[in-house]
*Asks:* 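Right, I'll just put the structure down here and ask away after.
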Amino acid sequence: MLDISIFRNDLDGAVEQLKRRGVDFDRVHFSNLEAQRKTVQVQTQTLQAERNSRSKGIGQAKAKGEDIAPLLAEVGTLGEQLKAAEEELQGIQRELNELFMGLPNFLDESVPEGKSEDDNVEVRTWGEPTSFDFEAKDHIDLGAQLEQMDFDVASKITGSRFVTLSGPLARLQRALTQFMLDLHSDVHGYSETYVPFMVNSESLKGTGQLPKFEEDLFKLSGDSGYYLIPTAEVPVTNIVRDTIIDAAKLPLKFVAHTPCFRSEAGSYGRDVRGMVRQHQFEKVELVQIVRPDEAEEAHEALTNNAEMVLQKLGLPYRVVVLCAGDTGFSATKTYDIEVWLPGQQKFREISSCSHFGNFQARRLKARWRNPETGKPELAHTINGSGLAVGRTLIAVMENYQTEEGRIRIPDVLKPYMGNRELV
RNA sequence: GGAGAGGUGGCUGAGUGGCCGAAAGCGGCGGUCUUGAAAACCGUUGAGGGUUUGUCCCCUCCGUGGGUUCGAAUCCCACCCUCUCCGCCA
């Protein structure tokens with residue numbers, strides 16, 4: 001959530017910021033609401049103060065054994081007035097809160113202008129697109145030929161956008177997961193974390209998926225109100241919800257492997273074939289909770305941590321910075337890492353590394369105690385995939401395929417694959 | 001699923017209608033002492049918001065949401081969560 005005081009102090013600037021995101025902020029509506037809030041809040045608090053002092057007076061009179069009947073009569077309709085004022089204030093505050101919960105984060109100055117993913121800006125590339133002296137297949141054909149990847153069986157079991165893996169290919173996915181977890185925990189200093197795969201709505205509000213993006217989520221039936229997680233970001237970041245973190249403990253660095261569940265509402269017709277876009281996929285997620293003054297550096301570092309997975313695997317990729325129109329709701333700046341997929345002759349997103357500033361922290365009430373001021377201040381949150389395992393599996397298959405349709409196993413994965421050479 | 005206990009400040013834990021934003025202890029911070037540290041002693045120490053820049057005043061917060069009352073941490077109702085015992089179970 002954005003800081004409402006920015007809107008109070010510099011409405012023009014705030015409106016301008018939102019315009020970059022294509023949000024047309026209704027400043028008249030806001031100003032009216034805010035003026036009402038001010039009036040009603042002062043009125044409410046005045047009435048509360050009066051109630052408090054009169055009640056105190058009655059208590060003291062009673063203690064002295066005086067007659068309190070006249071005092072009680074004086075209170076009169078104060079209670080009713082107060083109740084009415086409190087209800088009005090509550091209504092206004094609810095409206096303001098709803099308004100602000102629906103506003104996206106301000107963008108970082110360095111985010112390029114633009115409307116769609118076509119306007120994202122390449123920051124760097126690593127490696128050269130893999131070339132073959134034969135006709136390269138995509139992962140769908142490779143998986144089918146190996147008879148270790150089956151979309152038809154999955155659609156029988158469940159429906160579209162699911163897959164089954166079997167044999168060495170299933171193990172390869174597990175190997176990738178293990179490799180990523182080990183790299184991030186042993187080398188990059190993240191703390192391995194296991195979390196629930198279902199979360200309550202408070203957690204989803206905290207990280208920004210709710211209230212605006214409910215249609216992207218799978219909600220469980222029954223009374224629990226729980227949702228399947230769309231990313232480990234939700235449970236992991238919510239570890240620090242409603243906490244004040246000791247400055248000495250920062251930065252907090254978590255790595256978690258979870259399945260992710262997404263309804264993919266609105267993506268009908270996109271990537272319908274293959275494993276690129278599924279309702280369920282595996283992901284290794286990196287999350288950092290940091291001091292504001294270290295956030296930008298941490299965002300770069302986290303992105304590099306994710307890139308390192310691809311470098312170790314020898315998979316060519318590029319990094320792009322998302323433009324204004326493509327940057328997600330809660331993020332102030334996002335780098336996407338895109339891996340080269342020979343089957344599509346394209347770079348495809350395999351990781352999204354975002355800096356949220358204090359946007360999530362304000363919703364989460366995630367704070368740290370600044371030793372300089374002694375006061376709690378909002379932390380900054382950063383996260384990124386390190387990496388999307390399913391898509392990494394695809395990338396390995398397509399980039400490491402042989403003419404016979406087998407998959408060579410990257411060196412770093414061999415220990416996890418019983419030292420075999422080929423799938 | 002059945003029975004019971006409990007949710008209070010960074011932590012432990014008192015508090016059953018007004019003197020309670022809340023005892024005490026621990027922890028933290030500052031100081032005295034010390035070559036330094038520890039110990040001891042003294043002081044200090046919750047969060048959020050309004051108003052205002054007069055740092056004086058005011059408001060809210062004792063799991064959450066309602067209710068009773070002039071007045072609620074304290075009484076009533078609902079819900080959530082934690083723990084213990086029994087049953088069941090991966």
*Asks:* When you compare the side chain of A:Val255 with that of A:Val236, does any pair of heavy atoms fall below 4.5 Å?
*Replies:* no

*Asks:* Is there a side-chain contact between A:Arg277 and A:Arg161, using heavy atoms and a 4.5 Å cut-off?
*Replies:*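 Touching, per the 4.5 Å side-chain cut-off.
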
*Asks:* Give me the distance, rounded to whole Å, that separates B:rG1 from B:rG13 when you measure between the P atoms they each carry.
*Replies:*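 It comes out at 29 Å once rounded to the nearest Å.
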
*Asks:* Rounded to whole Å, how long is the line connecting atom CD of A:Gln48 with atom P of B:rC70?
*Replies:* 17 Å

*Asks:* Can you tell me how far C1' of B:rG49 sits from CG of A:Leu89, to the nearest Å?
*Replies:* 11 Å

*Asks:* Just the table, please: protein N/O against nucleotides 17-20 of chain B N/O, every pair under 3.5 Å.
*Replies:*
| residue | atom | partner | partner atom | Å |
| --- | --- | --- | --- | --- |
| B:rG18 | O6 | A:Lys62 | NZ | 3.2 |
| B:rG18 | N2 | A:Ser55 | O | 2.7 |

*Asks:* Taking everything shown except A:Met417 itself, do over 12 heavy atoms lie less than 6.0 Å from its CE?
*Replies:*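 Count over threshold, so yes.
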
*Asks:* Which base, if any, makes a Watson-Crick or G-U wobble pair with B:rG1, both distances under 3.5 Å?
*Replies:*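 Result: B:rC86.
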
*Asks:* Show me the protein contacts with nucleotides 28-31 of chain B, counting only N or O atoms at under 3.5 Å.
*Replies:*
none

*Asks:* Less than 4.5 Å apart, any side-chain heavy atom of A:Asp3 and any of A:Ile6?
*Replies:* yes

*Asks:* Quick check: does any side chain N or O of A:Gln401 sit under 3.5 Å from a backbone N or O of A:Lys137, one acting as donor and the other as acceptor?
*Replies:*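 Flag set: sc A:Gln401 to bb A:Lys137 pair under 3.5 Å.
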
*Asks:* To the nearest 0.5 Å, tell me how far A:Ile350 CD1 sits from A:Glu338 CD.
*Replies:*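 So the gap between those two atoms works out to 10.5 Å.
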
*Asks:* Rounded to the nearest 0.5 Å, how far apart are NZ of A:Lys219 and CG of A:Leu228?
*Replies:*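 If I round to the nearest 0.5 Å, the distance is 12.0 Å.
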
*Asks:* Watson-Crick or G-U wobble partner for B:rG43, using a 3.5 Å limit on both distances?
*Replies:*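 Matched B:rG43 with B:rC29 under the 3.5 Å cut-off.
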
*Asks:* Output the rounded distance in Å from CG (A:Leu78) to P (B:rC70).
*Replies:* 11 Å

*Asks:* Rounded to the nearest 0.5 Å, how far apart are CD of A:Gln360 and NZ of A:Lys365?
*Replies:*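 Going from the CD atom of A:Gln360 to the NZ atom of A:Lys365 covers 14.0 Å.
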
*Asks:* According to the Watson-Crick and G-U wobble definitions, with both distances under 3.5 Å, which nucleotide is paired to B:rU12?
*Replies:* B:rA24

*Asks:* Within this structure, what is the CD-to-C1' distance between A:Gln90 and B:rC61, rounded to whole angstrom?
*Replies:* 14 Å

*Asks:* Expressed in angstrom and rounded to an integer, what is the separation of A:Leu47 atom CG from B:rU60 atom P?
*Replies:*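 Atom CG in A:Leu47 sits about 11 Å away from atom P in B:rU60.
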
*Asks:* Measuring from atom CD of A:Glu282 to atom OG1 of A:Thr258, what distance do you get when rounded to the nearest 0.5 angstrom?
*Replies:*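 Output value for this atom pair is 7.5 Å.
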
*Asks:* Step through the shown structure and confirm whether more than 12 heavy atoms of other residues, nucleotides or ligands are within 6.0 Å of CG on A:Asp24.
*Replies:* no

*Asks:* Using the P atom in both, what is the distance from B:rG4 to B:rC79, to the nearest Å?
*Replies:*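 Rounded to whole Å, the distance is 15 Å.
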
*Asks:* Does A:Asn52 put a side-chain nitrogen or oxygen below 4.0 Å from OP1 or OP2 of B:rC58?
*Replies:* no

*Asks:* Under a 3.5 Å limit for both distances, which nucleotide forms a Watson-Crick or G-U wobble pair with B:rU55, could you say?
*Replies:* none

*Asks:* Distance between the P atoms of B:rG30 and B:rA39, in whole angstroms?
*Replies:*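 After rounding to an integer number of Å, I get 15 Å for this pair.
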
*Asks:* When you compare B:rG49 with B:rU74, how far apart are their P atoms, in angstrom units rounded to a whole number?
*Replies:*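 Straight-line distance between the two P atoms is 25 Å.
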
*Asks:* In this structure, how many angstroms lie between the P atom of B:rG49 and the CD1 atom of A:Ile92, rounded?
*Replies:*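 Result: 19 Å.
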
*Asks:* Under a 4.0 Å heavy-atom cut-off, which of residues 32-39 of chain A touch RNA chain B?
*Replies:* A:Arg37, A:Lys38

*Asks:* Given the C1' atoms of B:rU34 and B:rC41, what is the spacing between them in whole Å?
*Replies:*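 Rounded to whole Å, the distance is 14 Å.
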
*Asks:* Using Watson-Crick or G-U wobble geometry with both distances below 3.5 Å, tell me the partner of B:rG18, or none.
*Replies:* B:rC70

*Asks:* Just how far, in rounded Å, is P of B:rG7 from CG of A:Asp242?
*Replies:*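 Between P of B:rG7 and CG of A:Asp242: 20 Å.
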
*Asks:* Examine distances only and state if a side-chain atom of A:Thr334 and a backbone atom of A:Ser354 form a donor-acceptor pair shorter than 3.5 Å.
*Replies:*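 Judged by distance alone, no pair lies under 3.5 Å.
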
*Asks:* In residues 361-370 of chain A, which ones come under 4.0 Å of RNA chain B, going by heavy atoms?
*Replies:*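 Contacting residues: A:Arg367, A:Arg369.
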
*Asks:* Going by purine N1 to pyrimidine N3 plus the second Watson-Crick contact, or the G-U wobble pair, all under 3.5 Å, which nucleotide sits opposite B:rA78?
*Replies:* B:rU64

*Asks:* Using a 4.5 Å cut-off on heavy atoms from C-beta on, say whether the side chain of A:Arg367 contacts that of A:Ile245.
*Replies:* no

*Asks:* For A:Ala298 and A:Ile382, which heavy atoms make the closest approach, and how far apart are they?
*Replies:* CB-CD1, 3.6 Å

*Asks:* Between B:rA23 and B:rA73, how far is it from one P atom to the other, in whole Å?
*Replies:* 15 Å

*Asks:* Using the test side chain to side chain contact (heavy atoms under 4.5 Å, CB included), find all partners of A:Gln278 that sit at least two apart in sequence or belong to another chain.
*Replies:* A:Phe151, A:Val163, A:Met275

*Asks:* Please figure out whether A:Gly79 or A:Pro376 has its closest RNA chain B nucleotide nearer the 5' end.
*Replies:*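 Closer to the 5' end of RNA chain B: A:Pro376.
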
*Asks:* State which residues pass side chain to side chain contact (heavy atoms under 4.5 Å, CB included) with A:Ser116; sequence neighbours excluded, sorted by chain then number.
*Replies:* A:Asp118, A:Asp119

*Asks:* Which sits closer to the 5' end of RNA chain B, A:Thr46 or A:Arg8, going by the nucleotide each is nearest to?
*Replies:*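 The residue mapped nearer the 5' terminus is A:Arg8.
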
*Asks:* Does some side-chain heavy atom of A:Glu233 sit less than 4.5 Å from a side-chain heavy atom of A:Lys283?
*Replies:*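 Sidechains of A:Glu233 and A:Lys283: no contact.
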
*Asks:* Mind checking the C1' distance from B:rG18 to B:rA24? Whole angstroms is fine.
*Replies:* 23 Å

*Asks:* Could you give the distance separating B:rU32 and B:rG15 at their P atoms, to the nearest angstrom?
*Replies:* 39 Å

*Asks:* Could you tell me how far apart A:Gln43 (CD) and B:rU60 (P) are, to the nearest whole angstrom?
*Replies:*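 In whole Å, B:rU60 P lies 15 Å from A:Gln43 CD.
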
